[in-house]
Visitor: 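Take this structure first; my questions come after.
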Amino acid sequence: MLLIRNADVYAPRPLGPQTLLIGGGKVLWTGPGSQLPDLPAVLQAAVTSIDLGGKRLIPGLIDGHVHVTGGGGEAGFRTRVPPVPLTRFTGSGVSTVVGLLGTDDVARGPRGLLAATYALREEGLNAYAYAGGYHVPPRTLTGSVRGDIVFLEPLLGIGEVAISDHRSSQPTLDEILRLASDAHVAGLMTGKAGILHLHLGDGPRGLDLVRRALAQSEIPPRVFNPTHVNRRRALFDEALELAKAGCTIDLTAFPVEEGEDAYSAADALRRYLASGAPPERVTISSDAGGCLPCFDADGRVTHMDVGAAGALLETLRDLLAGGLPLEHALPPFTANPAALLRLSGKGQIATGADADLVALDATGAADTVIIRGVVHVQDGSPVRRGTFETV
Ligand SMILES: [Zn+2]
């Protein structure tokens with residue numbers, strides 16, 4: 001068992017100084033100030049103590065869009081990104097990931113995605129995944145995406161299915177409706193999220209398919225979950241309207257250049273919150289492991305960058321520097337994705353919740369990271385590493 005002392009808790013609600021007792025992967029007890037739990041002597045001997053010295057303690061971040069196998073492959077086989085090692089997540093305060101397949105769902109497939117997801121679980125991370133990938137019809141293991149979600153425990157929904165993108169299969173309305181219905185029905189059968197996570201490209205059709213799907217079917221808006229919606233400013237405005245209509249929209253924490261027709265995730269969230277759209281219907285993800293090609297003035301690829309999970313804490317820092325209180329900045333990284341993904345016990349700090357906890361240092365970096373009660377990062381350094389990570 002672990003006793004965490006002198007934690008300034010944001011649950012995300014600010015709770016002030018607290019002591020927490022952790023055991024069996026859960027938060028067993030919380031008490032105000034330096035109050036201690038009343039434990040029998042036999043248990044006291046089994047308790048290890050961590051003094052956070054007043055550091056802010058937040059729920060572990062939930063990154064809902066991660067290429068755990070590595071993404072890429074768009075400019076030749078050598079541009080296939082390698083799998084993302086454990087400490088890239090844990091060192092960045094991420095305790096839960098949802099893995100997915102992107103452009104390359106041919107050389108990669110559901111077997112490799114599930115294997116990478118299980119590998120991260122064995123290494124101590126909370127890991128889930130989506131059925132399918134960019135293209136329609138989707139690759140499956142059981143013969144249908146609905147069957148995959150129903151029978152394969154880590155799969156929470158379908159994604160990332162590409163629309164309004166030259167790399168998509170140009171899916172029709174009927175195809176999108178069929179996928180959304182498969183996700184929704186599988187969600188009903190299993191209690192899982194049952195969502196259709198949609199990759200939005202730069203195409204001018206934007207979210208037109210989603211609007212038509214909502215207008216022409218009985219499928220609830222929550223099933224449609226568009227991502228990368230901050231990549232074009234006009235697309236973001238369309239997404240705001242969908243959030244007001246009941247969809248949860250996902251912002252990507254990619255780098256944005258000065259003068260680009262895009263919003264950084266921090267700018268987009270500030271605009272989202274100022275718009276009066278429901279604060280619980282927005283999430284932020286990193287696209288970690290995804291390939292970010294960099295082009296020169298002639299449009300040639302100069303080098304390949306890779307999305308990193310650290311972009312989430314950088315975005316949080318940006319939000320705090322802009323004056324947003326921590327309790328308002330945290331939900332898109334914690335409580336909101338937990339609600340969308342129906343991960344009960346995650347995204348919050350409370351008695352009975354999973355002990356996924358991150359202590360932030362004064363600069364906003366991850367000082368201590370605990371996942372299901374196990375310490376992964378202490379004093380800013382990883383104390384557990386992935387199987388093939390060298391010190
Ligand atoms: Zn994508």
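Model, not experiment: these values are computed from the prediction. Keep in mind that the numbers below use all heavy atoms, side chains included, and drop hydrogens, waters and symmetry copies.
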Visitor: Under 3.5 Å, is there a donor-acceptor pair between the His135 and Ser169 side chains?
Guide: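 Side chains of His135 and Ser169: no pair found under 3.5 Å.
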Visitor: Indicate whether the side chain of Asp250 and that of His65 have a donor and an acceptor atom separated by less than 3.5 Å.
Guide: no
Visitor: For Arg270 and Asp318: C-alpha separation, side-chain torsions, deciding distance, then whether side chain to side chain contact (heavy atoms under 4.5 Å, CB included) applies.
Guide: CA-CA 11 Å; Arg270 282 188 278 262; Asp318 184 342; 3.4 Å; yes
Visitor: Do Ile219 and Phe224 have side-chain heavy atoms sitting under 4.5 Å apart?
Guide: yes
Visitor: If you look at every heavy atom in Gly112 and Thr69, which pair is closest and at what distance?
Guide: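 Closest approach of Gly112 to Thr69, heavy atoms only: O-CG2, 3.7 Å.
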Visitor: Start with the C-alpha distance between Leu316 and Phe333, add both sets of side-chain angles, then the distance that settles side chain to side chain contact (heavy atoms under 4.5 Å, CB included), and finish with yes or no.
Guide: CA-CA 9 Å; Leu316 184 63; Phe333 304 94; 3.9 Å; yes
Visitor: Report yes if the side chains of Arg372 and Asp356 come closer than 4.5 Å at any heavy-atom pair, otherwise no.
Guide: yes
Visitor: Using side-chain heavy atoms (C-beta onward) and a distance below 4.5 Å, is Tyr263 in contact with Leu269?
Guide: no
Visitor: For the pair Thr387 and Glu123, evaluate side-chain hydrogen bond (donor to acceptor under 3.5 Å, both in side chains) and give the outcome as yes or no after the intermediate values.
Guide: CA-CA 7 Å; Thr387 312; Glu123 292 174 342; 2.7 Å; yes
Visitor: Tell me if a side-chain donor or acceptor on Gln18 pairs with a main-chain N or O of Leu15 at a distance below 3.5 Å.
Guide: yes
Visitor: Between Arg146 and Ala186, is there a donor-acceptor pair closer than 3.5 Å when you use the side chain of the first and the backbone of the second?
Guide: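 Side chain of Arg146 to backbone of Ala186, a donor-acceptor pair under 3.5 Å: no, none is there.
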Visitor: Is the shortest side-chain heavy-atom distance between Leu21 and Leu36 below 4.5 Å?
Guide: no
Visitor: Could you verify whether a donor N or O on one side chain and an acceptor N or O on the other, from Thr79 and Glu74, lie under 3.5 Å apart?
Guide: no
Visitor: With Pro332 as reference, evaluate Ile284, Leu312, Leu319 under the side chain to side chain contact (heavy atoms under 4.5 Å, CB included) test and give the passing residue.
Guide: Ile284
Visitor: Hey, what do you get for CG (Leu330) to CD (Gln348), rounding to the nearest 0.5 Å?
Guide: 13.0 Å
Visitor: Measure the shortest side-chain to side-chain distance between Asp237 and Arg233 over non-hydrogen atoms and say whether it is less than 4.5 angstrom.
Guide: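 A side-chain contact is absent here, since even the closest heavy-atom pair is not under 4.5 Å.
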Visitor: Relative to each other, are the rings of Tyr134 and His199 parallel, tilted or perpendicular (30° and 60° limits)?
Guide: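 Because their plane-to-plane angle lies in the 30° to 60° range, the rings of Tyr134 and His199 count as tilted.
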Visitor: Is it true that Asp148 and Thr140 share a donor-acceptor pair across their side chains at a distance under 3.5 Å?
Guide: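 Their side chains do not contain a donor-acceptor pair, so the 3.5 Å distance test is not met.
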Visitor: For Gly132 versus Pro138, what's the shortest heavy-atom pair and its separation?
Guide: CA-CB, 3.8 Å
Visitor: State plainly whether one hydrophobic cluster holds both Ile62 and Val369, where clusters connect Ile, Leu, Val, Met, Phe, Trp and Tyr through side-chain heavy atoms under 4.5 angstrom apart.
Guide: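 No; tracing contacts between hydrophobic side chains, which count when under 4.5 Å, never links both residues.
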Visitor: Looking at side-chain heavy atoms only, is the closest gap between His67 and Leu100 below 4.5 Å?
Guide: yes
Visitor: Walk me through whether Leu214 and Leu242 qualify under side chain to side chain contact (heavy atoms under 4.5 Å, CB included).
Guide: CA-CA 10 Å; Leu214 288 174; Leu242 282 184; 3.8 Å; yes
Visitor: For the backbone of Ser164 and the side chain of Gln170, can you confirm whether one donor and one acceptor N or O come within less than 3.5 Å of each other?
Guide: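 Not at all, since once roles are kept as given, no pair shorter than 3.5 Å links the two residues.
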Visitor: Backbone N or O of Gly206 within a donor-acceptor pair of the Glu238 side chain at under 3.5 Å?
Guide: no
Visitor: Kindly say whether Arg108 contributes a backbone atom to a donor-acceptor pair with the side chain of Arg139 at under 3.5 angstrom?
Guide: yes
Visitor: Any carboxylate oxygen within less than 4.0 angstrom of a Lys/Arg side-chain nitrogen, looking at Asp354 and Lys26?
Guide: yes
Visitor: Find the distance between CG (Leu196) and CG (Leu179) and round it off to the nearest 0.5 Å.
Guide: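 If I round to the nearest 0.5 Å, the distance is 6.0 Å.
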Visitor: Can you name the one residue among Val9, Leu52, Leu57, Thr368 that meets side chain to side chain contact (heavy atoms under 4.5 Å, CB included) with Leu357?
Guide: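 Considering Val9, Leu52, Leu57, Thr368, a side chain to side chain contact (heavy atoms under 4.5 Å, CB included) with Leu357 is found only for Leu57.
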Visitor: Would Asp361 and Thr363 count as having a side-chain donor-acceptor pair, cut-off 3.5 Å?
Guide: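 On atom types as modelled, these side chains qualify, holding a pair under 3.5 Å.
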Visitor: Please report the closest heavy-atom contact between Ala266 and Thr315, naming both atoms and the distance.
Guide: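 Shortest heavy-atom separation between Ala266 and Thr315 comes out as N-CG2, 3.8 Å.
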Visitor: Specify the closest pair of heavy atoms between Lys346 and Ala338, including all atoms of both residues, with the distance to one decimal.
Guide: O-CB, 3.3 Å
Visitor: For a side chain to side chain contact (heavy atoms under 4.5 Å, CB included) check, start with the C-alpha distance between Ile249 and Tyr272, then their side-chain angles and the critical distance, and finish with the verdict.
Guide: CA-CA 10 Å; Ile249 64 166; Tyr272 182 95; 3.8 Å; yes
Visitor: Between Thr19 (side chain only) and Gly33 (backbone N and O only), is there a donor and an acceptor less than 3.5 Å apart?
Guide: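 Present.
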Visitor: Should Ile22 and Val27 count as side-chain neighbours, where that means a heavy-atom distance under 4.5 Å?
Guide: yes
Visitor: Once side-chain hydrogen bond (donor to acceptor under 3.5 Å, both in side chains) is applied, what residue pairs with a partner in residues 184-193 remain, sequence neighbours excluded?
Guide: none
Visitor: Of Val97, Leu61, Asp63, which meets side chain to side chain contact (heavy atoms under 4.5 Å, CB included) against Ser285?
Guide: Asp63
Visitor: Only one of Arg281, His197, Glu160 passes side-chain hydrogen bond (donor to acceptor under 3.5 Å, both in side chains) with Asn225; say which it is.
Guide: His197
